[in-house]
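Lettering of chains follows the sequences in order, A, B, ..., and the numbering in each one begins at 1.
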4 protein chains.
Amino acid sequence: MATPIPSTDYLPPAAAANDRPREECGVCGIYGHPYAAKITYFGLFSLQHRGQESAGIVVSDGEQIRQHKGMGLVPEVFSEEDLGRLQGHLAVGHVRYSTTGASHITNAQPFVATHRGSTLAVAHNGNLVNIRSLRDELESQGSIFQSTMDSEVVVHLLARCLDMELDQAIVETFRLIKGAYSILLMTKDKLVAVRDPGGFRPLCLGRLNNGSYIVASETCALDLVEAQYIRDVEPGEVLIIDQQGLRSLHLEQNQPPSFCIFEHVYFARPDSDIFGINVYQSRKRMGEILARECPIEADLVMPFPDSGNYAAIGYAQASGIPLEMGVIRNHYVGRTFIQPTQSMRDFSVRVKLNPIRSFLENKRVIIMEDSIIRGTTARSRVQSLRGIGVKEVHMVISCPPTRNPCYYGIDFPSCEELVANQKTVEQIRDYLDLDTLYYLSLEGLVEATGAPAENFCKACFDGNYPVPPDRDFRKNVLGCGGSTLACPGRKQ
Amino acid sequence: MATPIPSTDYLPPAAAANDRPREECGVCGIYGHPYAAKITYFGLFSLQHRGQESAGIVVSDGEQIRQHKGMGLVPEVFSEEDLGRLQGHLAVGHVRYSTTGASHITNAQPFVATHRGSTLAVAHNGNLVNIRSLRDELESQGSIFQSTMDSEVVVHLLARCLDMELDQAIVETFRLIKGAYSILLMTKDKLVAVRDPGGFRPLCLGRLNNGSYIVASETCALDLVEAQYIRDVEPGEVLIIDQQGLRSLHLEQNQPPSFCIFEHVYFARPDSDIFGINVYQSRKRMGEILARECPIEADLVMPFPDSGNYAAIGYAQASGIPLEMGVIRNHYVGRTFIQPTQSMRDFSVRVKLNPIRSFLENKRVIIMEDSIIRGTTARSRVQSLRGIGVKEVHMVISCPPTRNPCYYGIDFPSCEELVANQKTVEQIRDYLDLDTLYYLSLEGLVEATGAPAENFCKACFDGNYPVPPDRDFRKNVLGCGGSTLACPGRKQ
Amino acid sequence: MATPIPSTDYLPPAAAANDRPREECGVCGIYGHPYAAKITYFGLFSLQHRGQESAGIVVSDGEQIRQHKGMGLVPEVFSEEDLGRLQGHLAVGHVRYSTTGASHITNAQPFVATHRGSTLAVAHNGNLVNIRSLRDELESQGSIFQSTMDSEVVVHLLARCLDMELDQAIVETFRLIKGAYSILLMTKDKLVAVRDPGGFRPLCLGRLNNGSYIVASETCALDLVEAQYIRDVEPGEVLIIDQQGLRSLHLEQNQPPSFCIFEHVYFARPDSDIFGINVYQSRKRMGEILARECPIEADLVMPFPDSGNYAAIGYAQASGIPLEMGVIRNHYVGRTFIQPTQSMRDFSVRVKLNPIRSFLENKRVIIMEDSIIRGTTARSRVQSLRGIGVKEVHMVISCPPTRNPCYYGIDFPSCEELVANQKTVEQIRDYLDLDTLYYLSLEGLVEATGAPAENFCKACFDGNYPVPPDRDFRKNVLGCGGSTLACPGRKQ
Amino acid sequence: MATPIPSTDYLPPAAAANDRPREECGVCGIYGHPYAAKITYFGLFSLQHRGQESAGIVVSDGEQIRQHKGMGLVPEVFSEEDLGRLQGHLAVGHVRYSTTGASHITNAQPFVATHRGSTLAVAHNGNLVNIRSLRDELESQGSIFQSTMDSEVVVHLLARCLDMELDQAIVETFRLIKGAYSILLMTKDKLVAVRDPGGFRPLCLGRLNNGSYIVASETCALDLVEAQYIRDVEPGEVLIIDQQGLRSLHLEQNQPPSFCIFEHVYFARPDSDIFGINVYQSRKRMGEILARECPIEADLVMPFPDSGNYAAIGYAQASGIPLEMGVIRNHYVGRTFIQPTQSMRDFSVRVKLNPIRSFLENKRVIIMEDSIIRGTTARSRVQSLRGIGVKEVHMVISCPPTRNPCYYGIDFPSCEELVANQKTVEQIRDYLDLDTLYYLSLEGLVEATGAPAENFCKACFDGNYPVPPDRDFRKNVLGCGGSTLACPGRKQ
């Protein structure tokens, strides 16, 4: 009967208040549908890969605003009954990615607050890089904070402008904010989508059969609810949808686009079109270009499902080396696990992915991986293949070495933990116990997208950060020390 | 695996934001015990009768502040594991009373917020009567609100003074606040107890075996944890407990005491000493005085367990009429219930309390009740007794007619729903289908406490409100219309 | 989503298979009501005091038989949806009492099995005393057993006779069975109630408004569903209810009645009429007779709620010593508990029942208890009273010393653990740290019931067992050694 | 706190008692490991694809037998704590496949019963075809049944022979039993594996590092626990493992092997070696042979992940047509689902598998499916591809038309629901709205396994049943009418 908040909240001491890793997220909003909450539910369900920690939907019927949030996956958080209570034609939803052990319901989004009788809900994907100074400024004026979310800061800033018209209030607010944000705002009768001038994170607009609007992080959300894709929300655009229809403002732009190229490498779903490019095809091309850049003699090329699947197909087709699915995924792996016994040394790999001994024994194998972060997973996988008698293990990576932290919403580990920040490619190859190791070149990666290099933020590979974060941000938020920005991408 | 917030939150439209009924609550705080969270848990467990909707504990080890809150009873919200995570020597806890259908985790206390790196936790029992103007003022300065709790306003006010010393900040803050409050505040290294100058709600101080301090709503919390009662926190007193020990400030007092006499009638536990008076004994004396004021000829006097038990004992002893326990309580009644079939007409009474037909048939029975609010429960009970052939049903009430709403923390229904506000005693007697109905006089009630009449707030009986609420409060918070204050106590 | 059986089942090794303590239980059956399952639910709810471990209902619509069982209290086991699925006009239900740590779903009743296309459900209250030899006999003919329940043996026996007419099959079956049983049997279109020739356990028949029949362990079940009491099922009676109405057979009776007097002392609900006698009144008379047999000079007489309440009222009225409710019950005590800290010495008493220090200090107190089994609880209670300064503690017990195990369905601890089997009254008084200790005499107890002494089984007091159990039963089931029957009731 | 059995059990009327579809299952047993339950847990986890409805483990420490069963997936049923309680060196486990809406805890295995002090646990994969006559015979001798499981019959039969030596008892028992069975039996100190003379279902023996034995349905279970494969349990073999080690008996064999070829087509995991043949490789060869038998001109070949993956790889490699992963699987699909809105017509396909519009539009696509049962899923998939503008949709099936029910443990729908029993291939092609449809020939399928045709049961394709079922079995168990055996495989 009781429903305690699951994990005991940890409220960090003052100095560390912004010291936590930030997360990728997914957002979805609907305007004009009688079952706005239900459509949002399915949108979030399609975006589940962008965040599995918590989910929330806030809905308005034009008068009253209702919300439901919880820890867990979308189908776990919402029952049919919950959705039935969320009546209204206007909704915003959010899924959040868990990267740390502690999961806090107080950090679940959308963030909702009331100010002078107006209720505002905010769902945010991205990372603000001047969050510390904004928060200091707000606190010096008396604001108090209940969470560590960027969204709470956004609402505080908006509250200060709410004696202006909404349009002006938004422009004034976002003038102060620096960083990556694809944000959905909701009042009791308006849905507002805002994308930062760099457009780091994707955000697209679609239309449902009944004429209602949907705004979502990726186009795969539109597919499930059978909405038609209209266009991306543009970098620096403010899209306001209400009874008058849809209108568009633009934030001052003195900034070129900075699309996150890592969305194509790893994060987005392959059936989405991100920044106008289909992800399945860009990933396949990464494999094709790798085959051209890094030819290897081997018996077969093989992904560890599913992340390397698409580049592996490209590599196989371009190289003529047969593609095989030599490891079998266990589809029943859940989140809680019984500890194995001591004799089960390869447990962490095999519990999910079992390599087929009788097929792989004595073969020369190329493994396709989308990226290497810490290297620990890749290492276990190689070890597991060596253990069943694979003759040669080669590895190809469908992006360059990941050497730098992201300030714009992807939660990489600290520099010290990024294996490519600490080791040369040769050292990594030795560490992973590989016969050969090849990374795709940055030029090859850009070529795979088919778009010009200057459109992308490639900071995790080359260290060039389009929007410099506050000094404190680097130090406190990312825990990489003051010299992070200078941490030089090493040559391959 | 998922732990959704149970009920779908309802965020009211602007005008109605303060329109909800307020609640009684219980608070408990510990300073200086290695298992502060566990002691607080047991304190809250003893105070469960003051609030069954939600429970929360916030704890500090001097550096970090941790919290755990949930919907439900204390033993449902906290597991041994949860308490294990709440490490620290300093804790405040809160139980909250559910009066409305909607229960919101966002309204669970203690309320916790961060301001310039300082974390504050607030647990509140009582009701602020100028909450609306305080909130308007704060919002005009840019504050945003996430809940409808008084505690959130208190934290906002405190945040504005936190560049002062804590002592001064508290005095400045509470200078602005009007109404009833027994509040516990916690910073990372201090426990602060504040009681309003009228002292509406009880708050007492005790000491555990190891020398640590406990502050709690009622003395029954001290009994369970085997703490020794020291004294009540005085009206208008600010008690600060930290490494330097215990020190006391006083808010400016231009106000006599206004102890809530209804705590003695109904709310407090009979084993507590409230305002220095043992509740068991004051209730028993109410029955004795009733026997003197209202003699009735009958075969037996009988409570509906357990609320009328103690006054019934007093009545029986003073009148010589035998006390009987003629209705049997079912101890397994839970909170969720299956709908009865149509044939089960007396279900709502009998599922909890079954009158013994073979014993009560043809008897003349006096029922002792502590109070009558809407009258619906009493009516069903009388009906159920008539149904099994009781010959005469008399009812005596151990307080005067409850005619007026409470602005200080007890959640009575609106004037329209208070049966004694709408009907004369004679009309009530007819409505309840009683042979006779007697209420204890206000003088008799005061006499039962053994304290002077001027010590008490008796507004629910006589309409004299010691601290006048803001006009908006009456209108918006209580929903009784502008004329509420004037709603005249009718003569019996 | 998954619903594992909660506790890990323990299947005992061969020799110990019958070595477990047996339980009290409650049964309820309905014939002819369109909501038979729901009525049974409420009947079981009223009988919850007879068994809190598990609950089950089996229902038939004349063609199909459906069941639902679970561990826990009745409202926890059944949801409105579960009851909705249990469609039919014919139902039997069962609640089971947990006395051991291990609770097994495989032991939940009603027991259901199929034989040659006939489904039988059996709900049983009582204890068979030749269970071991019956089971040996059945196993030698090839039967296998999945539980340790008496009901499973009954079904096996019935299965062997099912080529006879049902009437004859029942008579043949119960001819073989010795011991105490109030059993409800259900086929797809018949409800059968069987009570053993001694009538150890109660079983009564009633009629609902729509003419449908109810058979239940106690009359309180009839009260809640507003059924009219018709009569008790007689000792040795077989009551068959089907489309033809109600008919009655009689098992061969060479046995006088052996009503369990302990049902009146402790087990039955005070609002029930058991063996034709109202329990509230028999308990009150126990107190009156105690006052006559054992006068004590004291300031007050006080029960520990609720078990001693009724005898305490009788004692107070007969002696003129005032009745007080000097200990306050915490109504929120659940089943799982957090371990107290070391400093909380009186925790086990106070968590449920807090004595009022300011009222009891320096008083001479008589405590009324219904019985003393191990003595440990009584000892803690006395200690707790001594701790708050009670001047004299006297104790009166509303039955004689409980010296012998029960073979007929009440689960007393072994002889070694029964304090009155091991110590004289004087030794018990010393052990409990009492000023005086008095037990009601056996004659007084019988007088309180108003029925002749020869109607009752009083074996737990006097060691005269009306139906001698098999030798193996004593040894294996009760764990009291071969000399149990001889264990002599010591003189007071 | 309460843990009700989740679904309301349905006990069928007599005539229908054996009328339910039977299930595939997985079994795993351990002898000689200190953490036998934990190893069994991981074995079952690897076999989860063979049964997702319920899971159970029974364990013995040589003296006591303990069990834990529950509804749901293996990780949902067992907690670390549950496994901790299951102490012993000897264990058998079972997973069961849910094919019907009703899931019953009473049907969860291993089945456990006690007879004359001996406890037997039985875990069964397969189907007995003379179950009805065995059960009739047992019931005529007085047996009662609590479930509809074959295992219960096996235990009854064994109980009748338990005065013999175990070896003889097993031989005597299985002499009576006809059909498909890979059974694990456990007594308190012995693990026994029995495989029917046809060897329909797989069963293999392995050895763990510490010398302990494992017996499991598939070799993938051995991989996860890092056991070494020794050999298959042979058709007609009885393997007894106890303190004396391993010894082998043989049931009388007058029967050639009848390995289930459908295990290779669909059921077994591709990383298992089944009947000595690696499943990944046999499935890939099915695709290669299909490419040879049925050449199609198209732009790409594509599986609907994951079932058609391996044959698709074979087809692509043999035909030179590129393999693509044109539909993207949503990995977060759970078991309970919110109903879609009316506008979401392709919901049932897309919620799991979203075809990539921008990639597939205007392409000529070959879909590889492992089999077509009812045809409804395939039809939705084709529709969904047509809807996004795929130009041509061809389908190839890696087995012949599935025209006949299985009597040996795979739960196909009834003849009427098997699309290939009701329609010609051309009619199926029209029904599915395909451009072309090809099935692999039976000869091609056998060739893909590399084993002689006479080794296999191919009844689902050719209607030749190696072990004829009882007449009643066909009629009552399978619901296909008396003429089922005659239902002629139609020509393609």
Side-chain angles (χ1 to χ4, degrees), chain A residues 35 38-39 41-42 45-46 48-49 52 73-76 78 80 83 208-210 220 223-226 269-271 273 278 280-281 305-306 309-310 313 316-317 322-332 334 336-341 343-347 350-351 354-359, chain D residues 35 38-39 41-42 45-46 48-49 52 73-76 78-80 83 208-210 220 223-226 269-271 273 278 280-281 306 309-310 313 316-317 322-332 334 336-341 343-347 350-351 354-359:
Chain A
Y35 300 109
K38 192 168 251 193
I39 303 288
Y41 169 91
F42 286 114
F45 176 73
S46 294
Q48 188 79 79
H49 61 290
Q52 295 101 49
L73 298 178
V74 172
E76 295 168 335
F78 297 94
E80 191 86 53
L83 290 176
L208 286 145
N209 289 340
N210 75 335
C220 64
D223 287 353
L224 182 58
V225 302
E226 301 184 27
R269 247 175 69 165
D271 49 340
D273 296 342
N278 174 251
Y280 178 84
Q281 295 183 70
D306 283 354
N309 282 2
Y310 315 105
I313 288 173
Q317 289 181 10
L323 173 84
E324 300 284 354
M325 300 298 232
V327 289
I328 301 304
R329 174 210 291 275
N330 185 332
H331 286 287
Y332 304 99
T336 49
F337 250 94
I338 298 295
Q339 284 304 305
T341 63
S343 63
M344 295 160 74
R345 289 154 308 170
D346 282 351
F347 178 76
R350 281 199 172 143
V351 72
N354 191 33
I356 309 176
R357 178 192 295 267
S358 53
F359 179 66
Chain D
Y35 300 110
K38 191 169 253 193
I39 302 288
Y41 169 91
F42 286 114
F45 177 74
S46 294
Q48 188 80 79
H49 61 289
Q52 293 103 48
L73 298 178
V74 173
E76 295 168 335
F78 296 94
S79 67
E80 190 86 55
L83 290 176
L208 286 145
N209 290 338
N210 76 335
C220 64
D223 288 353
L224 181 59
V225 302
E226 301 184 25
R269 247 175 71 162
D271 49 341
D273 296 343
N278 174 251
Y280 178 84
Q281 295 183 70
D306 284 355
N309 282 1
Y310 315 105
I313 288 173
Q317 288 181 11
L323 173 83
E324 301 285 354
M325 300 298 235
V327 288
I328 301 304
R329 173 210 292 274
N330 186 332
H331 285 287
Y332 302 100
T336 50
F337 251 94
I338 298 294
Q339 284 304 306
T341 64
S343 64
M344 295 160 73
R345 290 156 306 171
D346 282 351
F347 178 76
R350 280 200 171 144
V351 72
N354 191 32
I356 310 175
R357 177 191 296 266
S358 52
F359 179 66

Q. Between atom CD of A:Q281 and atom CD1 of D:I356, what is the distance when rounded to the nearest 0.5 Å?
A. 7.5 Å
Q: Locate the shortest heavy-atom distance separating D:R350 from A:E226; write the atom from each residue and the value.
A: NH1-CG, 3.5 Å
Q: Identify which of A:A316, A:P340, A:P355, A:C220 forms the greatest number of heavy-atom pairs closer than 4.5 Å to chain D.
A: A:P340
Q. Where is the tightest heavy-atom contact between A:M325 and D:Y310, given as atom of each residue plus distance?
A. CB-CE2, 3.8 Å
Q) What is the distance from atom CD1 of A:I328 to atom OH of D:Y280, rounded to the nearest 0.5 Å? A) 7.0 Å
(Q) Among residues at least two apart in sequence or on other chains, which ones pass side-chain contact (heavy atoms from CB on, under 4.5 Å) with A:D223? (A) D:N354
Q. Would a 4.5 Å heavy-atom cut-off, applied to side chains only, mark A:N330 and D:R269 as touching?
A. yes
(Q) D:Q317: which residues meet the side-chain hydrogen bond (donor to acceptor under 3.5 Å, both in side chains) condition with it, sequence neighbours left out? (A) A:E324, D:K284
**Q.** Toward chain D, the part of A:L224 with a non-hydrogen atom under 4.5 Å
**A.** both
Q. Where does A:L208 contact chain D at under 4.5 Å (heavy atoms): side chain, backbone, both or neither?
A. neither
Q) Where does A:N210 contact chain D at under 4.5 Å (heavy atoms): side chain, backbone, both or neither? A) neither
Q. So which part of A:Y35 gets closer than 4.5 Å to some heavy atom of chain D, the side chain, the backbone, both or neither?
A. side chain
Q) How about A:D273 and D:S358: do any of their side-chain heavy atoms sit closer than 4.5 Å? A) yes
Q.
I'd like to know if the side chain of A:Y332 reaches the main chain of D:P75, judged simply by a donor and an acceptor atom lying under 3.5 Å from each other, with no hydrogens or angles considered.
A. no
Q | Segment of D:I313 engaging chain A (4.5 angstrom heavy-atom cut-off) | A | side chain
Q. What residue in A:T341, A:V327, A:N209 has the most heavy-atom pairs under 4.5 Å with chain D?
A. A:T341
